Number of protein chains: 2
Amino acid sequence: MAKSGNKSRARTDGEATRERIIEAAADTLCAEGFAGTSARSIAAKGGFNQALVFYHFGSVNDLLMAALAHVGHVRMATYTETVGNLDNLSDLVSAARSIFAEDLDRGYMKVLSEMISGASTYPELGPRIWQEIEPWISFTKGSISRVIGDTALTSAVPAGEVAFAIVSLYLGMELLTQLAGQRSSADSLFGAVERLGSLFAPFIQSTQSDGKGEQET
Amino acid sequence: MAKSGNKSRARTDGEATRERIIEAAADTLCAEGFAGTSARSIAAKGGFNQALVFYHFGSVNDLLMAALAHVGHVRMATYTETVGNLDNLSDLVSAARSIFAEDLDRGYMKVLSEMISGASTYPELGPRIWQEIEPWISFTKGSISRVIGDTALTSAVPAGEVAFAIVSLYLGMELLTQLAGQRSSADSLFGAVERLGSLFAPFIQSTQSDGKGEQET
DNA sequence: GTCTATACTTGGATAGAC
DNA sequence: GTCTATCCAAGTATAGAC
């Protein structure tokens, strides 16, 4: 009880602080960008001391990587739960639409895009960030394969390349919508994709419900 | 009056220096990223004095904006010349493919993506950068309209939204390919789009060759 | 127009008190 | 585990010599 010298409480406090710092780091990255994110600006936003960054994480960049990984886990949980079991195209697109809106609002994509930009300045971050992104490309590829299945489309355009394109598109839209200050363009794009999906849905469904392989090109 | 005492020579030297500085700024942005680009790092790369940045451009950010605008003009000239008159889909895609490869190699896209990231740290840059991007979205939209024309596709997906998506995709691919250190993914994606284009080309061509005006949705 | 020198500010990182 | 104090490196920007 209270704030006295209790071992498990002390450990708990340390963990809690770590999390506060990670939260503040992500917030600062969103608000100030990579170039504006320093141990001092993070500490100011989180209301703790600047030295804690180095005590808990060793360096600013290591903290930022921890923040990126944290955001990645949170989002992967949401995505898995929300789109992990959808098996038709229009459900997938509309789920992607609403989650992407949430990504934008909460700045999850921004944390990623700022870190990628930071990797130009600190190249040693590059491979570490790539490791955080790869699961997303795999996840996207899996979702596509599940929904599109084995149609003429996938023989012309392999799911892996579509996944790469979609992740790229998400990143690019994040950059542009932040810049233009209006996320309407991105959102109406999803509407367009939904209409496109409806156009092709019968074709995809019928081909897929046959349940079997098509030829590879 | 310096070494020649010739007025126009003096003016020429000043202009030449301005250009050297702009070149060095773009190079530094590519090599070090926004966070690593300072008056000092730019001057080191260009082999001139750090104070010249402030004499000629007033501030680092103003120099960087000048560099961005410069790169934009250079690339717009190339794009206009190369794809400005193409009127069928496969030519357009393969032209876009080779120019995008050049964009990557020479770091033109990188200058842009780094500046966009920098706008998070210096919000006053946002609108100025957006001004540089808008012409590209218009250009892309124009190219699409010219090539796709008035098909069922454009009624489902307006050219403006496709243009927004394509510019986003370019940006996103720039980020990812830099990070992964392999541009094969991006390049093979173009291959996929080319195959897709072939799939739809007959349909598009036949509809378009009927012929006429555009309608907005 | 270009360079040197310098004032001022911010940031990474550590030592040591609590 | 957290805070204060501090060192040092790097950056912006300006003044003034050439």
Side-chain angles (χ1 to χ4, degrees), chain A residues 2-25 28-29 31-67 114 118 121-122 124-125, chain B residues 1-25 28-29 31-67 114 118 120-122 124-125:
Chain A
K3 31 198 74 175
S4 49
N6 172 317
K7 254 189 219 162
S8 70
R9 175 56 192 270
R11 207 184 312 140
T12 303
D13 281 355
E15 260 313 299
T17 303
R18 266 186 75 96
E19 280 164 31
R20 277 181 66 205
I21 298 177
I22 286 179
E23 287 292 330
T28 308
L29 223 32
E32 317 289 345
F34 186 88
T37 297
S38 64
R40 288 177 147 92
S41 61
I42 294 168
K45 176 148 308 217
F48 48 81
N49 193 277
Q50 168 255 151
L52 286 181
V53 166
F54 302 97
Y55 175 80
H56 284 285
F57 298 92
S59 74
V60 175
N61 283 345
D62 284 344
L63 163 58
L64 297 182
M65 283 306 307
E114 289 298 326
T121 307
Y122 303 99
E124 66 280 13
L125 296 182
Chain B
M1 300 289 162
K3 24 196 91 173
S4 63
N6 173 321
K7 256 189 221 168
S8 71
R9 173 56 189 274
R11 208 182 313 142
T12 302
D13 282 354
E15 261 312 299
T17 301
R18 267 185 74 96
E19 280 164 31
R20 277 182 66 206
I21 297 177
I22 285 179
E23 288 291 330
T28 307
L29 222 33
E32 317 289 345
F34 187 87
T37 297
S38 64
R40 285 178 147 91
S41 61
I42 295 168
K45 175 147 310 212
F48 48 81
N49 194 277
Q50 167 256 152
L52 286 182
V53 166
F54 302 96
Y55 176 78
H56 283 285
F57 298 91
S59 74
V60 175
N61 283 345
D62 283 345
L63 163 58
L64 297 182
M65 283 307 307
E114 290 298 327
S120 309
T121 307
Y122 303 99
E124 66 278 13
L125 296 182

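Chain naming here is simple, since letters A, B, ... match the order of the sequence lines and numbering starts at 1 in each. This is a predicted model, so every value here is computed, not measured.
We find that CD1 of Ile42(B) is positioned 17 Å from C1' of dT2(C), with the value rounded to whole Å. Rounded to whole angstrom, the span from the CG atom of Asn49(B) across to the P atom of dT14(D) amounts to 15 Å. Phe57(B) places its CZ atom 11 Å from the P atom of dT2(C), with the value rounded to the nearest Å. Remark: P of dT2(D) and CZ of Arg18(A) are 11 Å apart, rounded to the nearest angstrom. For the pair Glu15(A) CD and dT2(D) P, the interatomic distance rounds to 11 Å; values are reported in whole Å. Atom-to-atom, NE2 of His56(B) to C1' of dC3(C) comes out at 12 Å; the value is rounded to the nearest Å.
Rotation axes derived from the C1' atoms of the five outermost pairs at either end of the helix from dG1(C)-dC18(D) to dC18(C)-dG1(D) lie 0° apart, to the nearest 10°.
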Please write out each protein N/O paired with an N/O of nucleotides 13-18 of chain C under 3.5 Å, distance rounded to 0.1 Å.
| residue | atom | partner | partner atom | Å |
| --- | --- | --- | --- | --- |
| dA13(C) | N7 | Gln50(A) | OE1 | 2.9 |
| dA13(C) | N6 | Gln50(A) | OE1 | 3.4 |
| dA13(C) | N6 | Gln50(A) | NE2 | 3.2 |

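The side chain to side chain donor-acceptor pair (under 3.5 Å) pairs that include a residue from residues 41-50 of chain B are Ser38(B)-Ser41(B), where partners are two or more places apart or lie in different chains. For residues 32-41 of chain A, there are no salt bridge (Lys or Arg N to Asp or Glu O under 4.0 Å) pairs, not counting sequence neighbours.
The nearest pair of heavy atoms linking Ser59(A) to Phe54(A) is CA-CD2, 4.1 Å. What you find for Gly36(B) and Thr28(B) is that their closest heavy atoms are O-CG2, 4.5 Å. Smallest separation of non-hydrogen atoms from Gly46(B) and Ala24(B): CA-CB, 3.8 Å.
Considering only heavy atoms from C-beta on, Ile42(B) comes within 4.5 Å of Phe48(B) through its side chain. A 4.5 Å side-chain heavy-atom check between Asn61(B) and Leu64(B) finds at least one atom pair inside the cut-off.
Remark: Arg18(B) pairs with Glu15(B), His56(B), Phe57(B) by the side chain to side chain contact (heavy atoms under 4.5 Å, CB included) rule, at least two apart or across chains. Contacts of Ser120(B) classified as side chain to side chain donor-acceptor pair (under 3.5 Å), with partners at least two apart in sequence or in another chain: Lys110(A), Glu114(A).
For the pair Thr17(B) and dT2(C), the criterion of a side-chain N or O lying under 4.0 Å from OP1 or OP2 is met.
The side chain of Leu52(B) has dC3(C) as its nearest neighbour among dC3(C), dG12(C), dC3(D).
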